[in-house]
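Working notes, beginning with the structure itself.
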Amino acid sequence: MAEHPVVQKRTVCPRDCYDGCGVLAEVQDGRVRRVRGDPAHPANRGSLCGKCMHAYNASWLDPALRLTRPLRRTGAKGQGRFEPVSWERALADIAARLQAILQAGPSSRVLHTHYAGTGSLLASIFPERFFHRLGAAEVDPDSVCNKAGEVALEAMFGSACQGFDPRTAEATECLLVWGANPSVSAPHVDRLWLRRRNAPLVVIDPLRHDTARHADLHLQLRPGTDAALAFGLLHLLQREGRLEREFLHSRVTGWERLRPLIEQATPARVAAQTGLAEADMVEAARLYGRGPAMLWLGLGLQRQRLGANAIRAAALLPVARANFGRPGAGFFYLNGAPTRGLDLDWLATPWLAAAEPERVSHMDLAERLADSHATAALFTWNNNIAASSPRQQRLRQALSREDLFHVAVDLFPTDTVNHADYVLPAATFLEFDDLLLPPFHSRVSAQCQVVPPMGESLPNQEIFRRLARAMGFSEPELFEPDQQLLDTLVRRTRVAPDFATLADAGTVDWPERPFVQFPDGVFPTPSGRVEVAGPRFRDSGLPETPLYAVDPPPAEGQLRLLSPASKWLMNSTFGNEALMSRRFESPQVQLHPDEAASRRLQEGQLVQVANEEGALRARLALDPGVPPGVAVMYKGSWPGRVLGGLNVNALFAGQKADAGGSSAVHSVQVHLAPAVPEEPGCAEHPGPR
Ligand SMILES: Nc1nc2c(c(=O)[nH]1)N[C@H]1C(S)=C(S)[C@@H](COP(=O)(O)OP(=O)(O)OC[C@H]3O[C@@H](n4cnc5c(=O)[nH]c(N)nc54)[C@H](O)[C@@H]3O)O[C@H]1N2
Ligand SMILES: Nc1nc2c(c(=O)[nH]1)N[C@H]1C(S)=C(S)[C@@H](COP(=O)(O)OP(=O)(O)OC[C@H]3O[C@@H](n4cnc5c(=O)[nH]c(N)nc54)[C@H](O)[C@@H]3O)O[C@H]1N2
Ligand code: SF4
Ligand SMILES: [Mo]
């Protein structure tokens with residue numbers, strides 16, 4: 001029989017990534033033959049990152065690796081032994097268990113966690129309607145990622161998610177990237193935006209990553225000394241007469257309270273505290289202060305003990321220079337729905353909840369789950385807590401509780417899924433229509449279905465519609481169909497009259513014309529001004545004035561452990577891909593060659609990385625880009641697929657940053673020592689694949 005022709009279909013990648021790349025799928029006979037980058041898309045101009053290029057053409061298309069049917073547990077929790085059941089059976093069973101739990105106690109005994117699986121709007125937000133109606137408790141998703149910085153920026157500027165418009169970069173005199181690694185976390189923004197600049201690039205980061213290597217100036221400070229550096233840079237700007245006094249006087253509240261901190265931050269003092277050369281700080285202040293400048297505040301910057309304070313201090317730079325209301329100026333943290341004219345509450349319908357839902361920090365998740373009085377049922381959807389959340393061993397024990405009723409929704413049998421009682425198979429972004437607002441570029445993209453869902457899998461939103469029906473709920477919001485939701489969202493952005501029109505265009509720059517940040521000098525704070533100090537910070541649990549704080553170096557013999565994003569994983573997504581599994585099977589820890597030499601350790605040696613929370617064995621790799629005193633282990637490998645059965649989150653006790661119950665994962669300290677000779681059996685995989 002003749003084969004049908006190959007049809008090219010266009011869509012976008014909805015991973016939790018700054019880029020928002022265009023994707024072309026070659027489809028034949030209802031199946032994807034090949035996925036590649038869309039040459040016509042402005043974000044990526046034809047290339048996809050290595051991880052997606054690989055996985056989207058391998059595991060994501062492989063019915064033997066995907067979850068394609070609802071499953072019911074047959075083995076012990078964690079074993080990953082299941083039998084297929086029909087959707088009707090699975091939904092009826094889940095509904096019955098939920099009803100019983102709701103009858104026996106408060107609805108907050110149902111807990112749900114979700115996050116970075118897919119970032120498209122319906123699939124990542126619509127299911128919240130169901131949980132609001134249920135009255136479930138929620139694990140605050142941002143607490144594992146960006147909450148501390150969000151709290152700090154909201155208190156200062158009234159919004160954390162209305163950043164600069166990258167399209168105005170032509171007008172900038174300086175780009176400053178502080179505590180982010182775009183070369184890994186935003187590979188196309190790095191290559192097609194940052195590197196094509198016509199202004200100098202300054203990077204502030206303890207690691208000499210690829211973006212830092214390509215910068216004009218890299219300030220490789222000691223981790224946890226950012227606030228001191230920020231005040232040091234303000235000191236230099238003041239000394240050079242670069243403070244915008246009129247703006248500070250008329251548009252800023254509390255600046256005078258910073259004066260003593262700025263005075264103290266002499267170059268000599270800050271150099272001693274940060275480990276930087278005075279001349280480099282002088283140069284950084286000169287470059288930042290000479291004209292409009294754009295500051296990228298990284299999420300890595302705030303994942304530390306005083307992360308909100310670090311963001312608060314770094315964000316004083318654009319304030320000092322009045323870097324608002326003009327092109328080529330401002331700060332960027334995350335560009336959210338408001339920059340595209342959307343209010344996402346409409347999609348989440350919080351009003352369906354009878355009372356404000358209880359919110360739990362990811363840092364407290366393991367404790368919370370261990371307590372059977374507090375939690376009787378758990379839904380994990382769009383995330384993989386057994387790999388991504390702190391206290392990995394404790395969390396695993398809690399997930400193994402026989403009396404915890406657990407439903408997992410995913411594409412693949414992750415470590416989290418392996419603990420569930422029921423597993424519901426989700427469809428991938430290639431299999432349904434949705435809308436994407438990339439968090440960096442000011443664009444709106446149509447995610448277009450290119451093939452039907454694989455097997456019996458369904459998009460998240462449809463799964464929760466069906467569950468609402470099985471529960472006997474009747475609120476119309478719980479059943480709104482995708483096309484109606486998408487049309488409404490598109491109309492609300494005003495980008496097109498309906499979704500079909502947007503889908504024809506694919507990705508649209510939106511708003512059409514480049515915008516400037518806080519155009520009229522009015523900030524969405526209660527005072528209408530930027531607030532840098534004052535009593536209102538107390539509401540967020542922060543001190544009234546930012547602290548001139550410096551983390552002490554790690555205790556004798558210890559190292560500061562950083563666990564940033566890996567080039568080959570998207571958080572834990574892709575951790576099951578054969579290529580990535582091989583790469584990450586043997587855990588690796590990176591040290592500076594001098595640090596290794598001083599400990600008499602050699603490249604390739606097996607070492608024990610440990611602290612009070614846990615211990616891992618890893619191979620030592622030497623990297624001159626890692627500063628002495630620091631160890632690096634990438635986040636995201638699948639615990640069940642690495643030797644020893646744990647990833648770096650086994651070393652993270654869930655320490656919180658200074659606001660929002662947010663993660664301080666880059667403040668972890670560890671000991672490192674040669675590993676004792678391997679005991680028999682320890683090289684085996686701990687559990688089923
Ligand atoms: N040590 C350390 N740990 C960290 C971090 C760190 O820097 N260091 N970073 C933290 C950060 S920033 C974040 S955001 C979190 C992220 O942590 P998570 O939110 O757990 O993100 P992923 O690990 O990528 O897991 C996403 C899961 O969603 C699934 N998925 C993908 N698409 C869909 C879909 O359409 N539907 C459903 N139902 N599932 C889907 C994927 O298969 C994957 O299993 O990790 C945090 N963990
Ligand atoms: N390939 C890939 N891309 C990703 C992800 C991924 O896992 N893989 N994850 C996605 C997600 S969920 C997120 S939130 C973003 C994160 O994107 P980024 O903000 O770029 O994230 P990280 O890699 O977590 O950390 C960035 C940097 O923070 C630095 N850092 C650590 N401690 C300090 C400190 O004390 N001071 C300063 N100045 N810097 C410090 C680290 O050295 C690291 O270079 O990336 C997204 N993109
Ligand atoms: S993960 Fe990011 S870089 Fe990779 S294809 Fe998706 S949007 Fe592009
Ligand atoms: Mo994140």
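For Trp178, the ring pair (Phe, Tyr, Trp, His ring centres under 6.0 Å) test picks out no residue, with sequence neighbours left out.
A salt bridge links Asp210 to Arg213: one of the charged nitrogens lies within less than 4.0 Å of a carboxylate oxygen. Classification of Lys656 and Asp364 as a salt-bridged pair holds, one side-chain N sitting under 4.0 Å from a carboxylate O. The pair Lys147-Asp140 meets the salt-bridge criterion, with a side-chain N (NZ, NE, NH1 or NH2) lying under 4.0 Å from an Asp/Glu carboxylate O. Glu240 has no carboxylate O lying under 4.0 Å from a charged side-chain N of Arg286, or vice versa, which leaves the two without a salt bridge. Between Glu358 and Arg368 there is a salt bridge, since a side-chain N of the basic residue sits under 4.0 Å from a carboxylate O of the acidic one. Look at Arg257 and Glu544 and you find a salt bridge, because one of the NZ, NE, NH1 or NH2 atoms lies within 4.0 Å of a carboxylate O, short of that distance. Contact check on Glu367 versus Arg391 returns a salt bridge, with a Lys/Arg side-chain nitrogen under 4.0 Å from an Asp/Glu carboxylate oxygen.
Taking 4.5 Å as the limit, every side-chain heavy atom of Tyr634 sits out of range of all side-chain heavy atoms of Leu569. Using a 4.5 Å heavy-atom cutoff, the side chains of Val630 and Leu559 are not in contact.
When each of Asn384, Asp142, Asp16 is tested with Tyr115 by the rule side-chain hydrogen bond (donor to acceptor under 3.5 Å, both in side chains), just one qualifies, namely Asp142.
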Checking ring pair (Phe, Tyr, Trp, His ring centres under 6.0 Å) for the pair Phe331/Phe164: CA distance, chi angles, key distance, verdict? CA-CA 6 Å; Phe331 70 83; Phe164 61 60; 8.3 Å; no

What verdict does the ring pair (Phe, Tyr, Trp, His ring centres under 6.0 Å) test give for Tyr333 and Trp296, after you've listed the backbone C-alpha separation in whole Å, the side-chain angles of each residue and the deciding distance to 0.1 Å? CA-CA 6 Å; Tyr333 187 59; Trp296 177 327; over 10 Å; no

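With rounding to the nearest 0.5 angstrom, the CE atom of Met281 is 8.0 Å from the OG1 atom of Thr266.
The cationic group of Arg129 lies under 6.0 Å from the six-membered ring centre of Trp346 and within 45° of the ring axis, placing it in a cation-pi geometry.
Judged purely by atom type and a 3.5 angstrom limit, Asn649 uses its side chain to pair as donor or acceptor with the backbone of Ser388.
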